[in-house]
Each structure stands twice: as structure tokens, then as C-alpha cells.
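Some notes on the structure that comes next.
Computed from a predicted structure; not experimentally measured. Counting convention: from 1, in listed order, for ligands and their atoms alike. Numbers for residues simply follow the sequence, beginning at 1.
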Amino acid sequence: MKEPVLAPSILASDHAQLAKSLQTIKSEGLKWAHIDIMDGHFAPNLSFGPQTVAALRKNSDLFFDVHLMLDNPHEYVEAFANAGSNLISIHVEPDYSIKDTLDHIRDLGCQCGIALNPGTEVKAVEPYLKSVDLVLEMTVQPGFGGQSFRKEVLEKIRKLQIIRKAQSLSFRIEVDGGVDLQTLPLCREAGADTFVAGTSFFGTENKQALITLASQQS
Ligand code: DX5
Ligand code: ZN
């Protein structure tokens, strides 16, 4: 079992004070920040670009877990690596050379992840499981924070966990969307070890309950 990680998503924080949001994560003793990148095509929203990530990097030594929700991630991995990302996840759904892009991310000195939407079957990511550090299972449709967790996705997390064990692989299983005090334990029980939390982290003054819950081993 990997050490559990809580990765707050700055999408849910005050965008006028992103550097401060990273300080909040750090001051809570956490190590990862989840940064959502959306292009208005793959996901119906726009968020941050490489310039934002580079500016944040100057203000923070947190581990930047960068989630590219783009139709053409292969054209941007270099810019996001140069901006100071530590891990870059790309989606399996768009049409581009996924294996080459994962290799490229590694060559650029970052860890790499493969992401899948709630409606995408686990078998779509199976060819890449040996090549990635992390599988990002979306537990909502990409685009917006604050949506309800989709319980039907738990079955896919169980599948990933079974494959990971059977093949003695070591990728993290990250869940992203609607993760809170109620749904985090369900994800952990299914096999997840890396928990993105936007609204449930930045939307409350009392972050300790979530932090304590996320730090428990399964
Ligand atoms: C959705 C993003 C998520 C989002 C999660 O497109 O990938 O990372 O910030 O937000 P919450 O935790 O509010 O559902
Ligand atoms: Zn995300």
C-alpha cells in the first residue's frame, strides 16, 4: 500500500490568491497540490496555463500534480514540464499518441499519469498501466468543481486495484471529483490511495477532519 496522499485542487480556491492557496496546503502539512488545466474543448471550461504554473512554482516547493484536460496534450507537456510540474496526467480519450506522450513526459523529468472519465472503461487504460506512476480516475465529469461523486465509478477503482495487485504494479490510484468526508472512505476501500479534494478542502475552515481521514491507511 502506498502512503496515502491528499491533493487539494486549487481550482476550488480563490483564483485571485493562488499563491496563498498553495501556502494553505503547505501550512496544513500536505505535500501535493492538484492543478487542473482545461482547454474549453475536452472539458467545457477554461482554467490555467503554463505561465500560471510557472508563476506558482516560484512561490512553492509543493509537488505539482498537473491534470491536463486537453484534446491535444502532446502539444503542451513540454511547456507544463518546463513550468515546474512534478507529475503530468494526460487523458486516454482524445486521439493522439498516448504512449509517446507518456514517454515524452518522463524524458522531460516528470512522473506521468493516465486519466479516464467516468464513462471510459478500465480496459482503455490497460495498455499503459506498466508505463505510468498514477492512474487518475475521474469520479465526476471533467469541467467543474463541486459536482456530486459518481458511485458507479467505485467498481472501476476495484478493477484497477485487482489489476495492480495481479500484475505487481505500483501505480497510484487517484480519485478526482466530489471527494469528501463521506466518499473518501469508499474510494479507499475500493483501492484508491491518492485523493483530490477541491470544494471539500478549500470550502471549509476546518480542514483537519479531511486531512486526518485521508492519512489513514486502508
Ligand atoms: C474537475 C477537476 C477536479 C475538481 C475537483 O474537472 O478535475 O480536480 O477540481 O473538485 P471538487 O473536489 O470540488 O469536486
Ligand atoms: Zn483534476
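Counting non-hydrogen atoms of neighbouring residues, nucleotides and ligands closer than 6.0 angstrom, the CD atom of Glu189 reaches no more than 12 such neighbours. Residue Phe202 qualifies as enclosed at atom CZ: its count of foreign heavy atoms under 6.0 Å is above 12. Counting non-hydrogen atoms of other residues, nucleotides and ligands closer than 6.0 Å to NZ of Lys151 gives a total of 12 or fewer. Annotation: Gln217, atom CD; neighbour count of heavy atoms from other residues, nucleotides and ligands within 6.0 Å is above 12.
Listed by number with element, the atoms of ligand 1 under 4.0 Å from a non-hydrogen atom of Leu11 are 9 (O). Residue Gly177 approaches ligand 1 through these ligand atoms, each under 4.0 Å from one of its heavy atoms: 14 (O). Ligand 1 places these atoms under 4.0 Å from at least one heavy atom of His67: 7 (O). Distances below 4.0 Å separate heavy atoms of Gly143 from the following atoms of ligand 1: 1 (C), 6 (O). Below 4.0 Å from some heavy atom of Gly178 lie the following atoms of ligand 1, by number and element: 11 (P), 12 (O), 14 (O). Numbered from 1 in the order shown, with element, the atoms of ligand 1 that lie under 4.0 Å from a heavy atom of His34 read 8 (O).
For Ser21 and Asp14, the side-chain atoms include no donor-acceptor pair closer than 3.5 Å. Side chains of Asn86 and Arg57: a donor on one and an acceptor on the other come within 3.5 Å. Looking at Thr120 and Asn117, their side chains never bring a donor and an acceptor atom within 3.5 Å of each other. Between the side chains of Arg158 and Gln161, no donor N or O sits under 3.5 Å from an acceptor N or O.
Contacts with ligand 1 closer than 4.0 Å are made by side-chain heavy atoms of Ser9 only, the backbone lying farther away. At a heavy-atom distance under 4.0 Å, only backbone atoms of Phe144 (N, CA, C or O) approach ligand 1. At a heavy-atom cutoff of 4.0 Å, ligand 1 is contacted by both the backbone and the side chain of Thr199.
Aromatic ring centres of Phe48 and His15 lie closer together than 6.0 Å. For His104 and His74, the ring centers sit 6.0 Å or farther from each other.
For ligand 1, the polar-atom distance check against Pro142 finds no nitrogen or oxygen pair separated by under 3.5 Å. In terms of N/O distances under 3.5 Å, ligand 1 is approached by Gly146. By the 3.5 Å distance cut-off applied to N or O atoms, Gly198 is counted among the residues near ligand 1. No N or O atom of Gln141 sits closer than 3.5 Å to an N or O atom of ligand 1.
Because its NZ or CZ atom is both nearer than 6.0 Å to the ring centre of Phe201 and within 45° of the ring axis, Lys207 counts as a cation-pi partner of that residue.
Not a single heavy atom of Ala12 sits under 4.0 Å from any atom of ligand 1.
Remark: minimum distance from atom 4 (C) of ligand 1 to any protein heavy atom is reached at Asp36 OD2, 3.7 Å. The single protein non-hydrogen atom nearest to atom 10 (O) of ligand 1 is Gly145 CA, 3.5 Å, given as residue, atom name and distance. Protein heavy atom closest to atom 5 (C) of ligand 1, with residue, atom name and distance, is Asp176 OD1, 3.6 Å.
When you scan the N, O or S atoms of His34 for the one nearest the Zn ion (ligand 2), you land on NE2. Restricting Asp36 to its N/O/S atoms, the shortest distance to the Zn ion (ligand 2) is reached by OD1. Nearest N/O/S atom of His67 relative to the Zn ion (ligand 2): this is ND1. When the N, O or S atoms of Asp176 are ranked by distance to the Zn ion (ligand 2), OD2 comes first.
Using the six-membered ring where Trp is involved, His67 and His91 have ring planes that are parallel, under 30° apart on the 30 and 60° scheme.
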Please test Phe80 against Ile37 for side-chain contact (heavy atoms from CB on, under 4.5 Å), starting from the C-alpha separation and ending with a verdict. CA-CA 10 Å; Phe80 281 102; Ile37 311 296; 3.5 Å; yes
